[in-house]
Amino acid sequence: MESLSVAELGILNWIQVHCRSEFWDEVMPVLTSLGSGGLVWIILALAILIFQKGKRSTGLQVLIALLLSLLLCNLFLKNAIDRVRPFDINQMVELLVAEPQDASFPSGHTSASIAAATVLLLNRWKGRWPALVLAGGISFSRMYLYLHFPTDVLGGVVTGALCGCLAAAIFQKWISPHWPENRPTTKGQKKRTAT
């Protein structure tokens, strides 16, 4: 993986040369902070749970997806693979944010963001496309800020999509039959009895 890491530095260096500007240097740290600890996605999930009657199951699925992403990505894969960060190899780059202390592969920000976006897409939530754009922006910010290699972000996309799909499947199989919004009302039960 070390030779791959060196090869991927070329992509990160290209981003530094061709994409960086004063404007994006201000925006990218803010954008990446939204994904720290899955913060923006936790807030969104809770907002759906509290305020969007009829879509509360979507909020719960997002929380399940984030939990799965934390377990798979941050607690298992990062510790098992223990990949160095790009700024550890190229120490000449000036970081715009504090150095993360955990391993590089896969990107936890990306995994959490894609996990949440996947659930929103699967449930056809009305804000799913802006959420996907935000997830993409957070993912790109990790490379822009020289915190992750491209394959770290790709790994985060794969683990995130997997966790999102798994969360939806878990909900459908074990939670949906007991979910209050999915239970028939008393009036509905009487109608079925009458027919």
Side-chain angles (χ1 to χ4, degrees), residues 1-20 28-42 44-45 61-122 131-171:
M1 184 158 284
E2 189 173 334
S3 58
L4 177 62
S5 298
V6 172
E8 288 185 82
L9 286 179
I11 299 173
L12 297 183
N13 291 335
W14 185 92
I15 292 172
Q16 296 294 300
V17 172
H18 297 283
C19 299
R20 282 193 66 171
M28 289 298 175
V30 175
L31 192 57
T32 213
S33 69
L34 294 176
S36 296
L39 178 64
V40 70
W41 308 112
I42 293 171
L44 178 61
Q61 289 173 60
V62 170
L63 293 176
I64 294 171
L66 293 173
L67 177 60
L68 292 173
S69 174
L70 174 68
L71 295 173
L72 176 62
C73 177
N74 295 72
L75 298 182
F76 177 67
L77 290 175
K78 278 182 179 286
N79 292 319
I81 297 171
D82 197 27
R83 188 183 194 184
V84 297
R85 297 267 183 175
F87 58 76
D88 288 322
I89 298 176
N90 179 11
Q91 298 182 357
M92 299 297 291
V93 68
E94 183 181 350
L95 296 182
L96 299 175
V97 296
E99 294 184 7
Q101 298 304 308
D102 57 348
S104 194
F105 183 90
S107 167
H109 283 65
T110 301
S111 181
S113 297
I114 297 299
T118 298
V119 168
L120 298 176
L121 286 169
L122 290 173
L132 185 60
V133 170
L134 177 60
I138 290 172
S139 301
F140 179 75
S141 75
R142 305 306 285 171
M143 293 185 291
Y144 183 96
L145 296 169
Y146 223 86
L147 302 176
H148 281 291
F149 296 102
T151 49
D152 298 338
V153 173
L154 180 60
V157 169
V158 173
T159 58
L162 176 65
C163 290
C165 291
L166 189 56
I170 289 171
F171 180 85

What distance separates [X] [atom1] from [Y] [atom2], expressed to the nearest 0.5 Å?
X: Y146; Y: I15; atom1: OH; atom2: CD1; result: 9.5 Å
X: D102; Y: N79; atom1: CG; atom2: CG; result: 8.5 Å
X: I114; Y: C163; atom1: CD1; atom2: SG; result: 11.5 Å
X: S111; Y: N74; atom1: OG; atom2: CG; result: 7.0 Å
X: S113; Y: L66; atom1: OG; atom2: CG; result: 8.5 Å
X: L95; Y: L147; atom1: CG; atom2: CG; result: 6.0 Å

Practice prompt. For the pair S33 (side chain) and V30 (backbone), establish whether a donor and an acceptor sit closer than 3.5 Å, ignoring hydrogens and angles.
Written response: yes
Practice prompt. Please answer whether the main-chain N or O of E99 pairs with a side-chain N or O of Q101 as donor and acceptor at a distance below 3.5 Å.
Written response: yes
Discussion item. Would I89 and F149 count as a side chain to side chain contact (heavy atoms under 4.5 Å, CB included) here? Give the steps.
Written reply: CA-CA 11 Å; I89 298 176; F149 296 102; 3.8 Å; yes
Worksheet entry | Name of the residue among L9, N13, V6 meeting side chain to side chain contact (heavy atoms under 4.5 Å, CB included) with P86 | L9
Any side-chain heavy-atom pair from [X] and [Y] closer than 4.5 angstrom?
X: M28; Y: F140; answer: yes
X: C19; Y: W14; answer: yes
X: T110; Y: I138; answer: no
X: L12; Y: F87; answer: no
X: L68; Y: I170; answer: yes
X: T118; Y: C165; answer: yes
X: F171; Y: L122; answer: no
X: N90; Y: Q16; answer: no

Fill in: Trace of the salt bridge (charged side-chain N to carboxylate O under 4.0 Å, His left out) decision for R142 with D152
CA-CA 9 Å; R142 305 306 285 171; D152 298 338; over 6 Å; no
Considering all heavy atoms, the nearest [X]-[Y] contact:
X: H148; Y: K78; answer: CE1-NZ, 3.9 Å
X: F105; Y: T151; answer: CE1-O, 3.2 Å
X: A117; Y: A131; answer: CB-O, 4.5 Å

Fill in: Criterion side chain to side chain contact (heavy atoms under 4.5 Å, CB included) on L31 and L134, from CA distance to verdict
CA-CA 8 Å; L31 192 57; L134 177 60; 3.6 Å; yes
Worksheet item: Do the side-chain N and O atoms of S139 and H109 include a donor-acceptor pair separated by under 3.5 angstrom?
Response: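 Side-chain D/A pair, S139 to H109: absent.
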Practice prompt. For D82, check side-chain hydrogen bond (donor to acceptor under 3.5 Å, both in side chains) against everything at least two apart and list the hits.
Written response: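 Listed in chain order: nothing, the list is empty.
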